[in-house]
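Here is the structure we will look at.
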Amino acid sequence: MRRRPATSRLGVSAALTMAARGVGLLTRLSLGAQRSQVQRALRRLLSCPGTVAADLRREEQFSGSAETGSEDRIPKKRFSEVQEERREQAQRTVLIHCPNKISEKKFLQYLSQHGPINSHFFYESFGLYAVVEFCQKESVASLQSVTRTPSRDTEAAIPFRSRYFSLKLRNPSSQPLEQSRVQCSNQSSPSSKRLFELLCCAESVDDQLTALLKTFQLTEENTKLRYLTCSLIEDIAAAYFPGCAVRPFGSSVNSFGKLGCDLDMFLDLDEIGSFSAQKASGNFLMEFQVKNVPSERIVTQKILSVIGECLDHFGPGCVGVQKILNARCPLVRFSHQASGFQCDLTTNNRIALKSSELLYLYGALDSRVRALVFSIRCWARVHSLTSSIPGAWITNFSLTMMVIFFLQRRSPPILPTLDSLKSLADAEDKCIIEGHNCTFVRDLNKIKPSGNTESLELLLKEFFEYFGNFAFNKNSINIRQGREQNKPESSPLHIQNPFETSLNISKNVSQSQLQKFVELARESAWILHQEVKERQSSNQPWGLATLLLPSVANNKSFVKKRKKPASERIKNLLESIKSSSTEHPTDTNGKRAVNTQA
Ligand code: GTP
Ligand code: MG
């Protein structure tokens, strides 16, 4: 790397001084803010170790099971409580790049000099990393105070004092051999071979869906790493905007995230405003002198532009920074090398956070919801209906809305409509964002569980049937009212944005992509229907495994059965199912016949 000219280095150090001042400002908060900080610290000390971990273990036990029925629900935390606890936990946590071989015991002893450790884990991602959560935030400052900035002969270091460290062995050759490989937590999804083994070993289609959920859902460690990554980015943004928060949203927090999904985060500057609101009293009102620009969009672009530069130049481990400022929702995209996350940073995105809260609520209401969404998301990915590249495809967000809508349409409904969640809201739940009413009840315990006991197998099959026959040409999907509505515009797929109700979240989907979705849904319904009649021997892919083969049409057992052209065969089958479901409540095998339309 070329040495930077002295002037540019000066500029950097000035910016970093500013950053340090900014961080200093954080500690000089108003009395009210200090009091709440003290209360939080007290709560933490009283509960340490393991409040969040214990809660999560309890919640994992709950959410890991995707059995039918939701009568025995354990009270779950509100989304905002989880976010706040996780954020505070992340602020006490550090990320350390370690030598490949290390004695775990000595490592922990060494770090304990700075204070008690609440939890830790190791993971591999182009090297060995440790995530260490101290009991107290002060331990992080203590560790930083004994950490040096590296100096190399050929390169110059930017002296950024973050919470991302490198641990070096003082004299590697003289280290005793007791240093062995530590146990690493897995941060990636299983291979397709492993997945198929798992699915084929399952006892039933219901078990397959549950196994898929357990295998792909974000682990406790992966979730911690996501909040920690946001917290590290927040430290950088706080150099310019002291008191800001960087909050994860999207599938990292809405309970529908798959291992390996991107990390959506938003820079929340609203907290800065709330400090001044607390101080407003008496005859005077103090305002900051600020620069004005013509629109909110330009504010967003300017802020993201600077933060993007900052991440690029000073953000340890932030690589491939792209500023995508002309998008509908401007963002900075980058890779966080140490965690391996692809990150999208936005600002002014409160509605998206509210959508995440809504999905979290739906995911927690009934254990079948997440199992079904995970399977449909995996199915769509395998068949290239979704993609990590933006384009004319359906997004995971849209697919999740489709599943929610479908579950609202069951009889009795498995999920309540957004309007009914709104009617359960109290004054504290009221939430208006940019003029949009985003109010809904946030306390899960106020929502009556569904009496519907349908199996996951039935729901999966009927999801495919329902959308294989949905009148996409004239109807819109609307989770607010939980019923089909006339499409207000001509996009092939119309899914109403739950909060900005004049918008269509799937406006990007082309007719051909929709057609592909419909055809695959029909084929999948057909396969599942056939399998009920002739359950496969266990060494052949069956049930969900058949649907997740790269092409359902190439599946051997499927090809063997194929006698007529697919379209004709499926049409006949659907016709026969339709007539049997209207004429006879049970089919010839004594099983309940499937409905084709709600
Ligand atoms: P992954 O595919 O696992 O990343 O799912 P995701 O839910 O995180 O989706 P994505 O990263 O594409 O978007 C992040 C969040 O932004 C979503 O969860 C939504 O809250 C929001 N979002 C995404 N697309 C739209 C859209 O078209 N309209 C609106 N209003 N919000 C969207
Ligand atoms: Mg995402």
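As the structure lists them, so they are numbered: ligands from 1, and atoms in each ligand from 1.
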With a 4.0 Å heavy-atom cut-off (strictly under), which part of [X] contacts ligand 1: side chain, backbone, both or neither?
X    : answer
S251 : both
F499 : neither
K258 : neither

D344 N/O/S atom closer than 2.8 Å to the Mg ion (ligand 2) |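 Here the distance criterion (N, O or S atom, under 2.8 Å) is not met by D344, so no.
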Identify the protein heavy atom lying closest to [atom], giving its residue, its atom name and the separation to 0.1 Å.
atom                    : value
atom 15 (C) of ligand 1 : F249 CE1, 3.6 Å
atom 28 (N) of ligand 1 : I505 CG2, 3.6 Å
atom 17 (C) of ligand 1 : F397 CD1, 3.8 Å

Near-ring test Y360/F79, centroid separation under 6.0 angstrom =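 Here the rings of Y360 and F79 have centres that are less than 6.0 Å from each other.
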Give a yes or no on whether the ring-centroid distance for F467 and F470 is below 6.0 angstrom.
->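 Close enough - the centres of the two rings lie under 6.0 Å apart.
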Side chains of L228 and Q89: closer than 4.5 Å at any heavy-atom pair?
->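 A side-chain contact is absent here, since even the closest heavy-atom pair is not under 4.5 Å.
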E500: partners by salt bridge (Lys or Arg N to Asp or Glu O under 4.0 Å), with sequence neighbours left out =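 None.
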Is a side-chain donor or acceptor of S491 paired with a backbone partner of H494 at a separation under 3.5 angstrom?
->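 Not at all, since once roles are kept as given, no pair shorter than 3.5 Å links the two residues.
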Can you sort out which atoms of ligand 1 are near [X], meaning under 4.0 Å from one of its heavy atoms?
X    : answer
N396 : 1 (P), 2 (O), 3 (O), 5 (O)
S355 : 20 (O)
D262 : 4 (O), 11 (O)

Would you mind checking if R368 and E454 are paired as a salt bridge, meaning a charged N to carboxylate O distance below 4.0 Å?
->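 No, this pair does not count.
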Among the N, O or S atoms that D264 has, which is closest to the Mg ion (ligand 2)?
->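 Relative to the Mg ion (ligand 2), the closest nitrogen, oxygen or sulfur of D264 carries the name OD2.
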Nearest to the Mg ion (ligand 2) - the N/O/S atom of D262, by atom name =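 That would be atom OD1.
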Could a heavy atom of N497 be found less than 4.0 Å from some atom of ligand 1?
->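 Yes, N497 has a heavy atom closer than 4.0 Å to ligand 1.
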Would you please determine whether K507 falls within less than 4.0 Å of ligand 1 on a heavy-atom basis?
->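 Flag not set, K507 not near ligand 1.
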Qualifying residue for ring pair (Phe, Tyr, Trp, His ring centres under 6.0 Å) with Y129, from F122, F121, Y123 |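 Answer to the ring pair (Phe, Tyr, Trp, His ring centres under 6.0 Å) test with Y129 among F122, F121, Y123: Y123.
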Option whose closest heavy atom lies nearest to atom 13 (O) of ligand 1, chosen from T386, L353, N349, D264 =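 Answer by nearest heavy atom: D264.
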Could you check which of A352, P498, C261, S506 puts a non-hydrogen atom nearest to atom 20 (O) of ligand 1?
->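 The option holding the nearest heavy atom is A352.
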